[in-house]
Amino acid sequence: MKKKKNIILRKIHGATFLINICDNYCGDQCAIYEINETGEFIWNHLDGATSLEEVCLLLKNKIIDDIDYDVIYHDIVDYLHILKELNFLEM
């Protein structure tokens, strides 16, 4: 899986957003999706070359708390499912 080219990540006033630059804009408004630091970390590793398992290990190594790999794996799968439903990912 990798991120679609028309989805960009922007930081606005300390928050991080994913924006579909192909959205139908109405005036100056568009749909934006706020993500947290973990979501941003995962997003930045969706390059089409890094496997889901590698992303999980990278995230596990970055997290200070002792969190079980399976918990991280299932959380990432859930997040990727949401991104897929938003049409932000290429398969």
>> Could you tell me if the side chain of Y69 sits less than 4.5 Å from the side chain of E53, heavy atoms only?
In response: yes
>> Would you say that V55 contacts K60 through its side chain, given a criterion of any heavy-atom pair below 4.5 Å between the two side chains?
In response: no
> By side-chain hydrogen bond (donor to acceptor under 3.5 Å, both in side chains), which residues pair with H74, not counting sequence neighbours?
Replying inline: none
> Backbone N or O of I67 within a donor-acceptor pair of the D65 side chain at under 3.5 Å?
Replying inline: no
> About how many Å separate CD1 of I32 and CD1 of I12, when rounded to the nearest 0.5 Å?
Replying inline: 5.0 Å
> Any chance CD of E85 has more than 12 other-residue heavy atoms, nucleotides or ligands included, within less than 6.0 Å?
Replying inline: yes
> Can you tell if the side chain of I63 reaches within under 4.5 Å of the side chain of I72, non-hydrogen atoms only?
Replying inline: yes
> Could you state the interatomic distance from NZ (K3) to CG (L89), rounded to the nearest 0.5 Å?
Replying inline: 10.0 Å
> Given the rule in the side chain to side chain contact (heavy atoms under 4.5 Å, CB included) test, do F41 and H45 qualify, once you have shown the distances and angles that lead to the verdict?
Replying inline: CA-CA 7 Å; F41 181 89; H45 287 87; 3.4 Å; yes
> To the nearest 0.5 Å, how far apart are CG in L9 and CG in L18?
Replying inline: 5.5 Å
> Do F88 and L80 have side-chain heavy atoms sitting under 4.5 Å apart?
Replying inline: no
> Just how far is it from atom OG1 of T16 to atom CD1 of I35, taken to the nearest 0.5 Å?
Replying inline: 6.0 Å
> How long is the span from the CD atom in E40 to the NZ atom in K11, to the nearest 0.5 Å?
Replying inline: 3.5 Å
> From I42 CD1 over to I76 CD1, what is the distance, rounded to the nearest 0.5 angstrom?
Replying inline: 4.0 Å
